[in-house]
Amino acid sequence: MSQLFKVPDRVKTGSQSPIQTPEQYREHYMRASFNPSDYWLEVTRRKVRWMTEPTLGLVGSYHNIAEEPIAWFSDGTLNLTETCLDQHLEKNGDKTAILWEGDEPDEIRSLTYSQLYKEVCKAASALRELGLQKGERVIIYMGMVPEAAIAMLACARLGAIHSVVFGGFSAEALRDRVRDCGAKYVITQDEGRRGGKAVPLKAVVDQALEDERLVKNVVVFKRTGTPINFNKDRDIWWHDMVEGGAESLDPVECAAEDPLFILYTSGSTGKPKGLVHTTGGYLTYTSYTHEVVFDLRDDDVYCCAADVGWITGHSYIVYGPLANGATTMMFESTPLYPDAGRYWDMVSRHKVTIFYTAPTALRALAAQDEDFVKKYDRSTLRVLGTVGEPINPDAWNWYYQVVGEGRCNIVDTWWQTETGGICISPIAPVTETAPGSATLPLPGIVPLLLDNDGHIIRGPGEGKLCLAHSWPGQARTVWEDHERYVATYFSTYPGYYFTGDGCRRDGNGYNWITGRVDDVLNVSGHRMGTAEFESALVNVDEIAEAAVVGFPHPIKGQGVYVYAVLQPGYEASEEVEKNMRMACREAIGAHAGLDQIHFVPGLPKTRSGKVMRRILRKIVEGDGDKLGDISTLANPEVVDVIRQDFKALA
Ligand code: PRX
């Protein structure tokens, strides 16, 4: 059993969290497990400003999810922005809602709750002038600027559905998403800034929308002022649009289960899925978990260094913190710009109390001189969070000892785009922590480990992580493809939500996430499907077949390893590799880099023609000598060649 870290005693002032002791955690956990409907109705009445208060908790179950999607609070009505904005105006109108730091450390903007409210109303009324209606889709393709959050909230004010696409995605990936959700509006900016470089957002939008007739307008926020192509019939500047917009606008009444947003995420097969999050349950769950996990206090300066293009940005930069009336930071740059002290410089300048980032960033920073951390005052920090991938004990210890000086609670938060909010995590400062473990489930979350035959593993053990019951923040469906939702998450182990992750449970009941057990890669916390890479690679003229697997990478967590078979008559060359890299960038985006390319004579296949990824994975993990019996393969001889080549390459 590993060492448990006792959390330091702290004076509690102004904490909002209803869970302050291990006893309270147990009591809440029991109540949420035995009577989820009552538990969450009580939470939502406390956390959410409803127009019509719900009387129904959970409707539906995993057993008949194919016929009837799960619903929470379905007889309630609300507009989410009333919880995130209106309710704070009276008491907290002058409190900073969004504190923004740009790519350069001296670029700072801050918006109070009153200012944010006005900006959202102005944007919403202007979008309504353009014709945006409740239920219509808006693609937001922006960098980390406050206007991205304003655009999201403006859509929500109108009951329109936003789909934020991470600003690193390629034109092709953006086009797929615009088409899939049938967006009529796109909101973007001239350029983004990241790490001292320009990100050509508008140019990518133009390319994505070539021949797209459905998009009526592209709204362009001017971030850098660089010259851009401007299509007068379609494009409109953000500042022109909001000028004269109403500073106060009645919110549109929505049903609890009306979609709030669609967020595309990668899976084992096919194109990314548009997961649909609905309004009342998502808001309840993100505000609750943000308050409970981080032990939110009234005067916290909370900084989540994620991007709004991912679920972490939605739930824990925008919706959870604003619902809680917190001061939330938005950070445009990278942890290494202008140098490896950037995070801690920011912490000291803004007196950040809660800091939330990804293990990949911590590993990159831990590899640098400790002086980058130590020269900045970090005494305001109280809670340090991580998300997105397993955190190795070395990185955890560095975060705990070097950054937090052994004083701060570390919360290793496990969750997914699908779960909407944090599911398994320590609660600061309640849960004793263990480096590398996401520890215990939050109230309402019932994790189960299943073996390959679908049997539940009791006590300590390792298996596939499933969640037994629904919680309000769960994604309800895949946009216009409920069948795919059911097939992906509820068919492997009928009656349970299958997460796609492996997990080990120790003698304390602590959960240690071991990583994906499906064909999804997690590279620097970016989730990508091997199938997306492979379909891009086989489009390269010189490539006949390709198989992509992940391999352990010291900074990125996982690296991308490509096995490629050349078309007859072609030879491996730098040129071919360049084409392969380009194809992945074009199909997916700048974050879809290839770490290793290995040309092989063939891919190991079963007699029915299925590529044996298990074998390919084992080889790159250095276990090529422990493959067991491979004689049943259609082509066992290629395995020997691949193994030998791999040893020579390594
Ligand atoms: O494999 C798990 C990993 O990230 C996956 C979800 O990725 P995404 O939907 O992009 O959401 C990331 C941000 C919530 C999970 O299936 N993951 C996330 N958090 C952790 C994690 N793995 C281990 N420990 C975590 N704390």
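Order of appearance sets the numbers: ligands from 1, and atoms from 1 within every ligand.
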**Q** Would Asp180 and Lys271 pass as an ion pair if we require N to O under 4.0 Å?
**A**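 Answer for the salt bridge query: no.
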**Q** Answer side chain, backbone, both or neither: which part of Arg527 comes under 4.0 Å from ligand 1, heavy atoms only.
**A**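 Within the 4.0 Å criterion, Arg527 contacts ligand 1 through side-chain atoms alone.
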**Q** Below 3.5 angstrom, do we get any N/O pair linking Thr386 and ligand 1?
**A**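 No, there is no polar N/O contact under 3.5 Å.
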**Q** Do Glu462 and Arg505 meet the salt-bridge criterion of a basic N to acidic O distance under 4.0 Å?
**A** no
**Q** Going through the checks in order, is the side chain to side chain donor-acceptor pair (under 3.5 Å) test met by Tyr356 and Thr413?
**A** CA-CA 10 Å; Tyr356 193 26; Thr413 64; 2.6 Å; yes
**Q** Give a yes/no on ligand 1: does Trp310 have at least one heavy atom closer than 4.0 angstrom to it?
**A**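 Contact absent.
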**Q** With a 3.5 Å distance limit and no angle check, can you tell me whether Ser437 reaches the backbone of Asn511 through a side-chain donor-acceptor pair?
**A**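 Yes; judged by distance alone, with no hydrogens or angles, the pair exists.
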**Q** Which of the listed options, Thr514, Thr265, Thr417, Leu521, holds the heavy atom that is closest to atom 8 (P) of ligand 1?
**A** Thr417
**Q** Taking 4.0 angstrom as the limit and counting only heavy atoms of Asn522, give me the atoms of ligand 1 inside it, by number and element.
**A** 3 (C), 4 (O)
**Q** Does the cation-pi check pass for Arg378 over Trp344, that is, NZ or CZ under 6.0 Å from the six-membered ring centre and within 45° of its axis?
**A**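 Verdict for Trp344: no cation-pi partner in Arg378.
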**Q** Taking the six-membered ring for Trp, is the centroid-to-centroid distance between Tyr288 and Trp40 below 6.0 Å?
**A**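 Yes - the distance between ring centres of Tyr288 and Trp40 falls below the 6.0 Å cut-off.
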**Q** Counting each atom of ligand 1 from 1 as listed, which ones have a heavy atom of Trp415 under 4.0 Å away?
**A**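 Every atom of ligand 1 under 4.0 Å from some heavy atom of Trp415: 6 (C), 14 (C), 15 (C), 18 (C), 19 (N).
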**Q** Taking both backbone and side-chain atoms of Arg516, is any N or O found less than 3.5 Å from an N or O belonging to ligand 1?
**A** yes
**Q** Any idea which protein heavy atom is nearest atom 13 (C) of ligand 1, and the distance to it?
**A** Thr312 OG1, 3.4 Å
**Q** Test Glu418 against every option in Lys273, Arg527, Arg476 by the salt bridge (charged side-chain N to carboxylate O under 4.0 Å, His left out) rule and name the one that passes.
**A** Arg527
**Q** Salt bridge check: are Glu389 and Arg363 linked by an N-O gap of less than 4.0 Å?
**A**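 Yes, this pair counts.
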**Q** Measuring from the heavy atoms of Gly388, does anything fall under 4.0 Å of ligand 1?
**A** yes
**Q** Nearest heavy atom to atom 26 (N) of ligand 1: which of Ile422, Leu263, Asp412, Asn511 does it belong to?
**A** Asp412
**Q** Quick one: look at Ala438 and ligand 1, take heavy-atom pairs under 4.0 Å, and tell me if it's side chain, backbone, both or neither.
**A** neither
**Q** Under a 4.0 angstrom heavy-atom cut-off, which atoms of ligand 1 come close to Asp501?
**A** 1 (O), 2 (C), 15 (C), 16 (O)
**Q** Among Gly502, Pro359, Pro390, which one puts a heavy atom closest to atom 22 (N) of ligand 1?
**A**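 Minimum heavy-atom distance to atom 22 (N) of ligand 1 goes to Pro390.
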**Q** In the protein, what heavy atom is nearest to atom 25 (C) of ligand 1, and what distance, to one decimal place, separates them?
**A**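 I find the closest protein heavy atom is Glu389 O, 3.5 Å.
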**Q** Answer yes when Arg617 and Asp519 have at least one side-chain N-carboxylate O distance shorter than 4.0 Å, and no when they do not.
**A**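 Counted as a salt bridge, because a side-chain N and a carboxylate O are separated by less than 4.0 Å.
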**Q** List ligand 1 atoms under 4.0 Å from Val387, heavy atoms only on the residue side.
**A** 13 (C), 14 (C)
**Q** Just heavy atoms, cut-off under 4.0 Å: does Thr413 contact ligand 1 by side chain, backbone, both, or neither?
**A** backbone
**Q** Would the Tyr485 and Phe490 ring centres measure less than 6.0 Å apart?
**A**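 Yes: the rings meet the under 6.0 Å criterion.
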